[in-house]
Every structure is written in C-alpha cells, then in structure tokens.
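What follows is a single structure, written as structure tokens, with notes after it.
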Amino acid sequence: MVFYKIKKLLLPIIIILILIFGCVVIYFSPINQLVKYLLQVTKERVGSFTNLQPEAQKGANFVGSSKCAECHQEIYVIQSVSMHTKMIQDVKKDTSVIVGDFTTLPNDADFELENIVYTIGSKFKQRYMLRKDRDGKENYRIGNYQWNSENSKWQSYSVFKDWYHDAWPEDNNQIPTSHTCDGCHFTGYMSTQTRVEPGIHCENCHGPGSIHVENDVKENIYMASRHDPIRSMEVCLQCHMRNVDKRLDSLTIKDLYGTVKDYADGFEPGMSLTKYKKAMPFKPGVNDAKFYGNGIGVKNRMQGNEYIQSNMYKHGITCMNCHDPHSLDNTAQNSRGDQFCMSCHKMGSPLGPHQSTLTAHTKHKLNSTGSSCIECHMPKTGKHTGRSPITVRTHVFRFIFPKESMEYGVSNACNNCHTDKTLEWSDKILTEWGMTTWERH
Ligand code: HEC
Ligand code: HEC
Ligand code: HEC
Ligand code: HEC
Ligand code: HEC
Ligand code: HEC
Ligand code: HEC
Ligand code: HEC
C-alpha cells in the first residue's frame, strides 16, 4: 500500500526536483540574463517578404492619436513627451517652438519669421517649412538657412546638396517637402500622402487604426513585438535608416527627375519594408558622403544602416530592447547607463565580455569613464550637419580600432577621450594590451 503511494508520487517528485535543479543551473549559468529574452530571440524568422500586417487591418484609415488617447491614456501621455511628437511643430499654435534667434537671421535668407508654418526638429538643428503648393496641392519648401542648436548659429541649408543631385533643380524653392521629408516626419504621410498629424505618433508604428477603434480587439492592430524580432525593427528602420528610392533598381536617377522620393513610399507597419526601401549601400573601403569605408555613418539617422551590421541585430536583439518605443528613453538626456548593457552581458558570459573582471576587459579603473561600455562601443562618430561637432553615437557596437581611423578618418573611442594623444599612441597601447584582431594588426 505504502509502496504503491510512493510509487505514485515518485514521478511528480522527480519532475519537481529536475525543475528545481534546472532553475539553479540557469540561475548560476553565465547566460541566465538572456533567459528573459528567450521567447523573443527564438521566435521563428519569417524572412523579409512575408506581410505581417493583420488581415483585419488591411484597408483601415488613419484616425490620429487623439482618438487612441481615448482608451490608451497612459501610453498617450508617455509618448507625448517624447521627441517623436515634437518633430514637426505648428508655429501658429505656439510660437515658442522656434529655437532659432531671428534677430541674427542673415540678410540673404529667403524667408522671414512670419512665413513659417512648421518647424522641423529642435534638438540638434531646426529647419523651417514654408508653404509652396505644387500641382494645386498643399505642399511646402524648406528655408535656405537652418539653426544649428549645437553651436547656436545660423548656417546655410541646401536641400540639393544633401539630396539626389541629379533629380532636383538647385533652388530650395523648387524642391517640395512632399518628396524629400514628409514621409518620415508626419503621421500617415508615408502611406497615404496626407499629413494626418504633424510629428510621429501612434499610427506610424501601429498602422492605420480606424478598424481597431471601431472594434477594439488586438487582432485589428499591428504590434511589432508579436512577430519575428528582425522584422519587428522595420517599424523603426522605415525612418531611422538612410535609403535610396526603390525604383532605382530598374530606373536611373534621370528617369526620376522631380519625382524621386527619399522615404519608403507606400509602406505601412507590418508590410515588407524591403519591398519599399533599399538601404543606402556602402562600398567597403570607400569613403563617401554618407559612409566611411568601414561601414560607419558619417551623418545622423543612420542607426539602422549601422545596427544591421551588429551581431546583436542578427541574434534578434531589437531597438525596443534598448529604447522604450513610447518614451524613447536611453538617450543622452535620459540614459539607462552601463548597468543596462549588463542586463544581458556579464563578465565571462558566452555573450561577452570574455574576461572575468571588468577592468581586465577595459584596462581602465573600475569607476573610470574609460570603463564605460557606451564610451568604447558607441563612440561619437557622426555629425548632424557639415559644420556640427561630432555628437552622433554609432550603432555598430563592435569596437572601432585606431587603425580604422588611420585608414578612413573615422573617430575612435580611445582618441575621442585621449585628445592629446596620436592615433599611433592608441594603436600601440592596444597592441601592448593584446586588444587587436588579425584584420587590424
Ligand atoms: C475604444 C477604445 C480603444 C481605442 C479608441 C483604441 N484602442 Fe487600442 N486597444 C483597446 C483595447 C481594449 C485593447 C486590448 C484588446 C485585446 O486584448 O484584444 C487594445 C489593444 C491595442 C494594441 C495591442 C496591444 C497588445 O498587447 O497586443 C495596440 C498596439 C493598440 N491597441 C493601439 C491602438 C492605437 C494605435 C489606437 C489609435 C489608432 C488605439 N489603439 C485606439 C482599446 C482601444
Ligand atoms: C515609434 C513607434 C511607436 C509609436 C509612435 C507608438 N508605439 Fe505603441 N508600441 C510600439 C512597439 C514597438 C510596441 C511593442 C513594445 C514591446 O512589446 O516591447 C508598442 C506597444 C504598444 C501597446 C501594447 C504594449 C503596452 O505597452 O501596453 C499599446 C497598447 C500601444 N503600443 C499603443 C500605442 C499608442 C496608443 C500610441 C500613441 C499614443 C503608440 N502606441 C505609439 C511602437 C510605437
Ligand atoms: C515616422 C518616422 C519615425 C519612426 C517610425 C521612428 N522614428 Fe524615432 N525619430 C524620428 C525622428 C524624425 C526623430 C527626431 C525627433 C526630434 O528630434 O524632434 C526621432 C528620434 C528618435 C530618438 C531620439 C529621441 C530623443 O529624445 O532625442 C530615438 C531614441 C528614436 N527615435 C527611436 C526610435 C525607435 C526605437 C523607433 C521604432 C520603435 C522609432 N524611433 C521609430 C523618426 C521616426
Ligand atoms: C527616411 C526618413 C527621413 C527623411 C526622408 C528625412 N528625415 Fe529628417 N530625420 C529622420 C530621423 C529618423 C531623424 C532623427 C534621427 C537622427 O537624427 O539620428 C531625423 C532628424 C532630422 C532633424 C533633426 C531633429 C532635431 O531635433 O534636431 C531635422 C532638422 C531633419 N531631420 C530635417 C529633415 C528635412 C528638412 C528633410 C527633407 C529635406 C528630412 N529631414 C528628411 C528621418 C528622415
Ligand atoms: C544595445 C542597445 C541599443 C540598441 C539595440 C539600439 N540602441 Fe539606440 N541608443 C542606445 C544608446 C545607449 C544610445 C545613446 C545614449 C547616450 O547618448 O547616452 C542610443 C542612442 C540612439 C539615438 C540618439 C538619441 C539621442 O540622444 O539623440 C537614436 C535616434 C537611436 N539610438 C535609435 C535607435 C534605433 C532606431 C535602433 C534600432 C535600429 C537602436 N537605436 C538600437 C542603445 C541602443
Ligand atoms: C537584450 C540583451 C542585450 C542588451 C541589452 C545588450 N546586448 Fe550586446 N549583445 C547581445 C547579444 C545576444 C549579442 C550577440 C553575442 C554573440 O554574437 O555572441 C551581443 C553582442 C554584443 C557585442 C559584440 C558585437 C559585435 O557585433 O561584434 C558588443 C560589443 C555588445 N553586445 C555591446 C553591448 C552594449 C555596449 C550594450 C549596452 C548599450 C549591449 N550590448 C546591450 C545582447 C544584448
Ligand atoms: C576601453 C574600451 C572598452 C570598454 C570600456 C569596453 N569594451 Fe568591450 N571591447 C573592447 C575591445 C577593444 C574589444 C575587442 C574587439 C574585437 O576583438 O573585435 C571588446 C569586445 C567586446 C565584446 C565582444 C566579445 C569579446 O569579449 O571579445 C563584447 C560583448 C563587449 N566588448 C562588451 C562590453 C561591455 C558590455 C562593456 C561595458 C561593461 C564593454 N565591452 C566595455 C573595448 C572596450
Ligand atoms: C570615455 C573616455 C575614455 C576612453 C573611451 C578611453 N579612455 Fe583611456 N583613460 C581615460 C581616463 C579618465 C583615464 C585616467 C585613469 C583611469 O581611469 O584608468 C585613462 C587612462 C588611460 C591610460 C593610462 C594613463 C595614460 O594616459 O597614460 C591609457 C594608456 C589609456 N587610458 C589608453 C586608452 C586606450 C588605448 C583607449 C581605447 C581602447 C582608451 N584609453 C579609451 C578615459 C578614456
């Protein structure tokens, strides 16, 4: 009898013991920190072309974020303080959105304070949208001076210099924002060619919401993190990645004169982004206006172009793992710090760093800035304008060696801090430390 009871309990007891043992092993193993991401990183990869937009959402219209606020008040409030919502601001509603000092605007400016309809940006630079209709439709042009917020100076701005040289006339006046800017700065413009709402709001990442608003089930609205983690990043890459017009696959820039577009025209979240956009190519070994020859961005908004080169991207670690998609935190002003990197990484873990102590990895003192993950793995390498200081942190994450600076002129972490030292000095120290790779030896 007793034996029978024990026999009946034996299996559950063994299972429980195995579970406890498993938990202990995972807890002490060097990869315990990735366990909470296991569901995410092991999700099935569906490839680039599958359309992940919910069937029920197809054909929905854009309704604007104030509608979403009716039911998602908390997220609305968090999102409304983020820079996304401040990208395009209506001057008529609030003149304080202008950060440029108009008392010093140069005389040859082709606009005045009074003509400005919208401001574009504020944090690094501010440009100005002036009404200039095209083909009888509401449209805008950009003023020929921009305010550089990083050095508080006016500097000239030529869209032509920045954009497809052979596709537009030189005069800013004749280059419409509809083709060059609005897809990434207004809500809804990318897919509908309508300025639903100034700035980046809910539907730019969740797709048009009319059907979900009528019938508020989650099957009616796209949410990036439900699917393949690699594909989930397309909601960010639609804007945070420099691209060329997809039509250039088969046409020439001359064919697209006056019609070329600088954003993923027609894209809605969930669709296959690669069908709408071609990442700006970089030519290994060649420096050009957008890339150093080692794949590092020369300019801002190249987070996507850089991040796709990282092993983190390939393993399914996403922008959203490091940035809250609503508050956008983990910015210079609101940093999650190095502990955050260490929420997945761990000394001696298979994900690296592969030394047993931090100082063995960084060769700097424990509390030194020289031991900060971000300083060495995300050094400042890019600029917001030709005359801006280098303030844009790279998203390639791999270490950029001083040898690469010698070859391409790109900045590197060591010399960003040790400004009084030469590239040869840092290269020599790294060699002494044994921190080199075959390619850079
Ligand atoms: C009438 C109220 C209502 C409105 C308006 C509304 N939602 Fe929702 N939303 C809900 C409810 C309720 C759920 C949860 C549904 C469920 O679990 O099936 C939800 C779920 C969601 C989800 C999925 C969350 C998840 O965990 O999968 C997203 C994303 C979302 N809403 C975004 C939006 C956006 C964007 C708008 C504006 C276009 C919006 N909602 C407008 C009520 C609303
Ligand atoms: C920049 C892109 C972006 C914008 C703008 C955005 N979302 Fe989201 N949202 C996401 C992503 C990505 C997720 C999935 C996050 C995750 O699971 O880690 C998400 C998750 C959600 C969820 C479900 C999870 C949760 O936190 O409750 C809801 C509901 C939601 N968003 C509603 C909204 C509403 C309403 C707005 C506008 C006020 C909005 N979102 C604006 C990208 C965005
Ligand atoms: C529709 C285009 C668009 C989409 C989609 C988009 N962004 Fe942005 N993002 C921008 C623009 C434009 C800015 C600059 C805003 C400004 O400075 O006013 C920006 C700024 C940011 C910033 C800096 C915030 C700050 O405080 O300086 C972060 C971080 C960011 N985005 C992350 C994301 C992530 C993560 C996603 C995907 C979930 C995403 N973005 C999707 C266009 C977009
Ligand atoms: C493919 C999408 C895309 C297009 C097209 C685009 N931008 Fe942006 N823009 C972004 C993103 C994303 C950011 C923020 C990320 C960053 O700067 O690294 C940004 C940042 C900016 C900023 C700086 C914001 C700040 O707060 O300092 C300005 C100004 C700006 N863009 C102006 C323009 C103008 C003018 C055009 C058209 C001539 C344009 N952009 C076209 C995506 C785009
Ligand atoms: C492994 C973490 C990580 C991943 C993944 C990541 N970022 Fe970042 N990102 C950061 C950190 C850290 C900063 C810089 C914060 C600072 O300056 O202290 C940053 C900065 C930024 C900024 C500039 C913020 C500012 O202060 O102006 C933008 C925009 C941005 N990231 C967008 C993205 C996008 C889009 C993706 C996906 C393609 C992405 N990030 C992926 C960690 C990450
Ligand atoms: C959500 C988990 C997660 C977070 C947070 C995270 N990482 Fe990673 N990281 C990974 C994974 C997974 C890999 C891939 C490891 C491999 O290939 O062996 C990786 C790889 C790396 C690599 C090697 C990259 C390469 O492409 O050569 C570096 C460097 C790195 N991470 C730095 C950082 C830094 C700096 C931060 C903080 C800003 C950070 N990581 C935050 C998960 C994470
Ligand atoms: C003083 C600069 C410096 C600092 C600070 C630094 N690293 Fe590194 N890291 C390197 C160098 C150099 C390499 C080797 C690069 C290579 O072999 O490609 C490296 C490699 C890595 C790798 C790749 C795997 C490995 O171990 O070789 C990971 C992951 C990594 N670092 C994560 C981190 C994290 C997380 C932090 C913050 C705790 C950090 N690093 C701080 C310089 C630094
Ligand atoms: C974020 C800033 C920062 C970065 C990045 C950085 N260091 Fe340092 N470094 C420091 C500081 C601060 C000290 C002072 C002492 C300490 O903390 O160990 C220092 C000290 C040193 C020293 C010993 C003192 C001296 O000046 O002779 C050497 C050698 C050194 N760093 C080399 C490097 C190399 C090589 C790299 C690139 C892998 C590097 N550092 C990256 C900030 C930095």
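Counting starts at 1 for both ligands and their atoms, in listed order.
- For S371, no nitrogen or oxygen atom sits less than 3.5 Å from a nitrogen or oxygen atom of ligand 7, counting backbone and side chain alike.
- The neighbour count for K299 NZ, taken as heavy atoms of other residues, nucleotides or ligands under 6.0 Å away, is above 12.
- Less than 4.0 angstrom separates some heavy atom of L358 from each of these atoms of ligand 7: 38 (C).
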* Show the numbers, then the answer: is there a side-chain hydrogen bond (donor to acceptor under 3.5 Å, both in side chains) between T187 and E203? => CA-CA 7 Å; T187 302; E203 291 165 294; over 6 Å; no
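- Under a 4.0 Å criterion applied to the non-hydrogen atoms of I374, ligand 5 contributes the atoms 12 (C).
- Of the N or O atoms in M378, none lie within a sub-3.5 Å distance of an N or O in ligand 5.
- Close approach to M435 involves these atoms of ligand 7, each under 4.0 Å from a residue heavy atom: 10 (C), 11 (C), 12 (C), 42 (C).
- Around atom 8 (Fe) of ligand 5, the protein N, O or S atoms closer than 2.8 Å are H323 NE2, H395 NE2, listed by chain and residue number.
- For ligand 7, the polar-atom distance check against T437 finds no nitrogen or oxygen pair separated by under 3.5 Å.
- Contacts with ligand 5 closer than 4.0 Å are made by side-chain heavy atoms of F124 only, the backbone lying farther away.
- An N or O contact shorter than 3.5 Å is missing between T318 and ligand 5 by distance.
- Shown in contact with K123 at under 4.0 Å from a heavy atom are these atoms of ligand 5, numbered in order with element: 25 (C), 26 (O), 27 (O).
- Judged by the shortest distance from any of its heavy atoms, H377 lies inside the 4.0 Å radius around the atoms of ligand 7.
- Cation-pi geometry between K428 and W425 is not met at under 6.0 angstrom from the ring centre and within 45 degrees of the axis.
- Residue D249 qualifies as enclosed at atom CG: its count of foreign heavy atoms under 6.0 Å is above 12.
- In the vicinity of M342, heavy-atom distances shorter than 4.0 Å reach the ligand 7 atoms 35 (C), 38 (C).
- Contacts with ligand 7 closer than 4.0 Å are made by side-chain heavy atoms of H361 only, the backbone lying farther away.
- The side-chain contact (heavy atoms from CB on, under 4.5 Å) test with I142 singles out one residue from T177, L130, T180, and that residue is T177.
- Dense packing is recorded around CG of L38, with more than 12 heavy atoms of other residues, nucleotides or ligands lying under 6.0 Å away.
- Of all atoms in ligand 7, listed by their number and element, those nearer than 4.0 Å to a heavy atom of S372 are 5 (C).
- Contact atoms of ligand 5 toward A332: 15 (C), 16 (C), 17 (O), 18 (O), 26 (O) (distance under 4.0 Å to a heavy atom of the residue).
- The local environment of NZ in K153 is sparse, with at most 12 non-hydrogen atoms from other residues, nucleotides or ligands closer than 6.0 Å.
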* To do: Test Q40 against N321 for side chain to side chain contact (heavy atoms under 4.5 Å, CB included), laying out the working first.
  => CA-CA 10 Å; Q40 172 189 324; N321 289 138; 2.7 Å; yes
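- Taking a 6.0 Å sphere around NZ of K36, one finds it holds more than 12 heavy atoms contributed by other residues, nucleotides or ligands.
- Within the listing of ligand 7, atoms 1 (C), 2 (C), 3 (C), 4 (C), 5 (C), 6 (C), 43 (C) sit less than 4.0 angstrom from a heavy atom of C376.
- Heavy-atom proximity to F397, at under 4.0 Å, picks out these atoms of ligand 5: 1 (C), 2 (C), 3 (C), 4 (C), 43 (C).
- A distance limit of 4.0 angstrom between heavy atoms and ligand 1 selects the residues V63, K67, C68, C71, H72, C202, E203, H206, G209, H212, V213, D216, V217, K218, I221, M223, R226.
- Every atom of ligand 5 with a heavy atom of L237 under 4.0 Å away is listed here by number and element: 38 (C).
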